[in-house]
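Throughout, protein chains are lettered first and strands after them, A, B, ... in sequence-line order, and every chain is numbered starting at 1.
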Amino acid sequence: MQDRYNPQEIESKWQEIWENKQSFRATEDDPRPKYYLLEMFPYPSGQIHMGHVRNYSIGDVIARYKRMRGFNVLHPMGWDAFGLPAENAAIERGDHPAKWTLENISYMRQQLKKMGFSYDWGRELATCDENYYRWEQLFFIEMFKRGLAYKKLSTVNWCDSCDTVLANEQVIEELCWRCDQEVREKKLEQWFFRITDYADELLRDCDKLTGWPEKVLTMQRNWIGKSLGATIRFPLVEEPEEAITVFTTRQDTVFGATFLSIAPEHPLALELSRGTDQEKEVRQFLNQVRKVKHSHKETHDFEKEGAFTGAYCLNPFTEEPIPIYIANFVLSEYGTGAVMGVPAHDQRDFEFAQIYGLPIQIVIEAPDRLLEAHKIMEAYIDEGTMISSGTFTGLSSEEGKKEIAEHLEEQGWGKKDIRYRLRDWGISRQRYWGAPIPIIYCEKCEMVPVPEDQLPVVLPKHIAFTGEGGSLLTQLEEFVQVTCPQCGGPATRETDTMDTFVESSWYFARYASPDENRAPLDKKRVDYWLPVDQYIGGVEHAVLHLLYARFFTKVLRDMGWLSVDEPFVNLLTQGMVIKDGAKMSKSKGNVVDPQFLIDRFGADTARLFALFAAPPEKDLEWNDQGVQGSHRFLSRLWRFVYQNRDRLMQAPSVATQEPSAELKDMRRQIHRTIKKVTEDMEVRFHFNTGIAAIMELFNVLSALDEKAMAKEEVAGWTKYGVERIVILLYPFVPHVASQLWEDLGHKEALDKLSWPEYDVGALEEETTIIVVQVNGKLRGRISVAVDAIEEFIEKEALAEPKVRSFIEGKKIDRVVQVPRRLVNIVLSR
RNA sequence: GCGAGAGUGGCGGAAUUGGCAGACGCACUAGACUUAGGAUCUAGCGGGUAACCGUGGGGGUUCGAAUCCCCCCUCUCGCACCA
């Protein structure tokens, strides 16, 4: 043992010990209860950043704590290894994406090991490994056979910079989530996963996720966006056989529908005006809309615009003919791409009606005021009582919705309906570095899935990275040209690869049996480990990865691969790491390299600061001096143990003894600290306050002077306290804690120890400080026995000199007491 | 605009049930040790000479409010014509 705290030396020593002993290996034949802890796996970008340090430090505290608590902990790590940066790097420097990726993985793995994270490295996986993605191809084929994977021509979000399609979830405010390039629309044949089939279950099961932050659940619920309403057919006046179907959530306002508007992309948009006087105007409008859509980012400050088609349809309820407009605010992808226009009760319709002079018909009465069509300045969108609505007049909106829906069904005019905002997940990517979609196109047999015994469709390795001509796979003849597995005729291969979010949608299940090479998952082991008990990651995946993973879990369940409905029981979304008021990023030039910290202060210091500076869910403001503070604490602890080592080692064991009167406070403080840290670990993962409590206890112990320490009993309790500190610190700073534990003469390794229990009896105090207030203001303190009766406390309080000066000559109205806390003397006014 | 969250010293943050506001740490100040200090130790550290005033602002409930209720302001995040 040395005088100076030398983190590098002890950290590599303990990392080696853990590796040799395989301390963190998890097996399924363990009698203890299982606990599956997972942090979102990293993209192997090159080196770890502060966000990783924070995320994985949080996870490691929980992993080590749960082991001490007697759980069989699974804590795996892997690599989300497919994706664009690898391919872009390949194009830039002529390296193969595989080489670039694997090199990054090996460097980052070594960095994570240097942080001392307690992973079961025996389960490591990389998604670019064909032993991983082959199973994903199998899932794809199973989904294809069930109609859950399908191909369709669609308008997609295209990013020119990434040269690929993006899913709806990957477009953030019209920009690409990865590179911030403006996204444009493009028509392409694309593969989709039918996530909409699961919309209702994904929504319903949000209620089961009581261990998720409300914020994330709200975002998911909104993203799925369920609307209850009705579809209503409005027959065309010219051709009563034909009709336009609208979707509405406010069928109670149908009597106020004075026009109908359809999206510019609606199939009838041009059709209706063909041959009429309106045709020219409609064509012009459609052209204009198309242009504007592509040149403008902010869709929200759009003026409402439209064009009359020249056609009319019949409002089936009023039997009045109403004009059909094309309107720029109607979305083709939502509902039926057509809406009924009710200007009196929908703000958009109101604005549109104002511009085009369409009639406003009030059909809902407000409870508190009189609405008049020619006076209102905005639509009345709340519910109320139906008026001017034929036989439905007098019903509340709620009753009206029900009865109108029933009437619709009776008359065959429409039906009750449910619509979702959620769209199917577009998974085709026109890029090389991803899992190939296992489909073959044959002229005779059309789309044929690659037979299972021919999987995997291996991503060809020898390919030139020119960066030109779009997807590289299309240029590779020997990959593209195949024979049809069904008829043996000439055929071609699908050249799109899958969205990398597909890989991350099931990796947590693969960790349960990563060595299984006959099937994607070993159901027995998967059932043992799943669901993940605690998942930790950035909130930026609130609707991306977390929604996809939930969807995939349900699909895999339905295909019989696993048994849980939801993958993640508890979710902790950690905040970002901020410096100088902005998220750390290369472009802002405010990054702190974790490697620098490890080299200079050691991993324990980096971990301690990341955990101490803020509670996990909040953003963490990086502060270089704060890091030094954390380092200072560990150095002080080290020095204290070293300087008092002989005395501590010779001190008697006092844990089970009753301390003498003057040491009761010390024992109480020790047990209070254990209680506090335990609660912070269990209930809310507020490591910052737990660490603060440990520091506080250490401050008390380290303040003892030579004279005090010379007493045997004091030394005994100090030893007890220091040892509790070391144990409590172990999950946070495992290396230095392990070393101190060893140096205090313990043979058994700290990582095998149980978490300390606090002694409720030791928390009890004999006397307590009671705060005395006069009119709610703090005026003094008294010390009384804990079992003192109220009368006595009141007498003592009134006698306290400072208190007396405030109540002298005043009349006391009453005295309020909170047991063991405070006395409030209320004076009459 | 809608939805969610948050506003506490110079800074990061404590205060778990309405009961001592500012734990713990950083920065700062003074002192000690020292050839030296970006090391270490000791003391101080919300404002105000004080009475007092202080948890974004204003009102309310209460013996008592950072905490509960109402109104307003600011910031962050998410969604953004979803019929």
Side-chain angles (χ1 to χ4, degrees), chain A residues 4 172-174 213-219 221-223 225-227 229 246-251 253 261 298-302 304 327-331 333-342 345-349 351-352 381 419-423 539-540 542-543 575-576 578 608-609 612-615 617-630 632-633 635-636 639 676 679-680 683-684 686 688-699 702-703 769-781 813-827:
Chain A
R4 269 186 75 84
I172 316 290
E173 291 184 3
E174 316 276 316
E214 203 47 49
K215 175 190 162 104
V216 174
L217 291 174
T218 306
M219 281 166 74
R221 289 191 181 107
N222 291 344
W223 189 262
K226 181 179 185 172
S227 294
V246 304
F247 174 71
T248 179
T249 54
R250 289 299 301 274
Q251 58 268 31
T253 65
S261 44
E298 271 119 70
T299 45
H300 58 279
D301 51 43
F302 267 9
K304 292 200 170 34
N328 64 349
F329 66 90
V330 180
L331 304 171
E333 326 86 74
Y334 183 77
T336 59
V339 293
M340 61 183 200
V342 186
H345 305 293
D346 182 285
Q347 186 57 24
R348 295 155 299 188
D349 296 342
E351 287 165 28
F352 194 78
I381 58 170
R419 295 285 160 145
Y420 296 91
R421 216 187 79 118
L422 183 71
R423 311 284 145 73
V539 74
E540 65 271 20
V543 283
M576 291 185 299
I578 306 281
L608 188 65
F609 180 72
F612 176 63
E617 70 280 3
K618 276 188 84 161
D619 285 350
L620 184 154
E621 173 78 35
W622 194 263
N623 178 343
D624 291 331
Q625 280 149 338
V627 178
Q628 290 198 27
S630 293
R632 191 174 303 151
F633 169 70
S635 303
R636 276 179 64 211
R639 225 176 308 121
K676 170 75 179 149
E679 283 167 357
D680 285 340
V683 220
R684 32 174 222 173
H686 275 205
N688 56 331
T689 50
I691 293 167
I694 296 172
M695 287 172 165
E696 229 173 312
L697 176 60
F698 178 65
N699 288 344
S702 64
I769 306 285
I770 294 203
V771 167
V772 185
Q773 299 180 333
V774 178
N775 283 341
K777 291 200 170 89
L778 174 68
R779 295 306 183 197
R781 290 184 176 83
D813 182 43
R814 59 168 156 154
V815 177
V816 181
Q817 287 210 27
V818 180
R820 302 184 64 169
R821 269 228 163 104
L822 114 172
V823 177
N824 188 11
I825 300 159
V826 186
L827 304 173

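Listed nucleotides: B/C26, B/G19, B/C82. Nearest to the side chain of A/Gln773: B/G19. Distances from the side chain of A/Leu822 to the nucleotides B/C82, B/G12, B/G19 place B/G19 closest. In this structure, of B/G19, B/U16, B/A83, it is B/G19 that holds the atom nearest to the side chain of A/Arg821. Considering only side-chain atoms of A/Ala692, the nucleotide from B/A83, B/A23, B/U16 that sits closest is B/A23. Of the candidate nucleotides B/A15, B/G12, B/C20, B/A15 has the atom nearest to the side chain of A/Lys676. Closest to the side chain of A/Asn824, from the set B/C53, B/G19, B/A83, is B/G19. Relative to the side chain of A/Trp223, the nucleotides B/C77, B/C79, B/C82 differ in distance, and B/C79 lies closest. The A/Met219 side chain lies nearest to B/G78 when the options are B/C63, B/A83, B/G78. Listed candidates were B/C82, B/U40, B/G13. Nearest to the side chain of A/Arg639 is B/U40. Distances from the side chain of A/Lys777 to the nucleotides B/U40, B/C53, B/G13 place B/C53 closest.
Other residues, nucleotides and ligands place no more than 12 heavy atoms under 6.0 Å from the CD1 atom of A/Ile381.
Comparing B/G48 with B/C41, their P atoms sit 30 Å apart, to the nearest whole Å. The same atom, P, is picked in B/A6 and in B/A51; the two are 36 Å apart, to the nearest Å. Between the C1' atoms of B/C77 and B/C28, the separation comes to 34 Å (whole Å). Annotation: B/G56 and B/A65 have their P atoms spaced 15 Å apart (nearest Å). Atom C1' of B/C24 sits at a distance of 15 Å from the matching atom of B/C45, rounded to the whole Å.
In B/G37 the base sits anti relative to the sugar, since the glycosidic angle is further than 90° from 0.
Among the protein residues, A/Asp349 comes within range of no part of the nucleic acid, since none of its heavy atoms lies under 4.0 Å from any strand. Residue A/Arg421 is in base contact, counting any heavy-atom pair closer than 4.0 Å across all strands shown.
Put simply, CG on A/Asp346 and CD on A/Glu351 are 9.0 Å apart, with the number rounded to the nearest 0.5 Å. For the atom pair A/Ile770 CD1 and A/Gln817 CD, the distance stands at 6.5 Å (nearest 0.5 Å).
With a cut-off of 3.5 Å on both Watson-Crick or G-U wobble distances, the partner of B/U42 is given as B/A30. Remark: B/G37 base-pairs with no nucleotide; criterion is Watson-Crick or G-U wobble with both hydrogen-bond distances under 3.5 Å. Taking a pair to require two hydrogen-bonding distances under 3.5 Å in either a Watson-Crick or a G-U wobble arrangement, B/G1 pairs with B/C79. Here B/U67 sits opposite no nucleotide as a Watson-Crick or G-U wobble pair (both hydrogen-bonding atom distances under 3.5 Å).
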Checklist line | Steps toward side-chain contact (heavy atoms from CB on, under 4.5 Å) verdict (A/Lys676, A/Ile694) | finding: CA-CA 9 Å; A/Lys676 170 75 179 149; A/Ile694 296 172; over 6 Å; no
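Here the P atom of nucleotide B/G25 and the CD atom of A/Glu696 are 8 Å apart, to the nearest Å.
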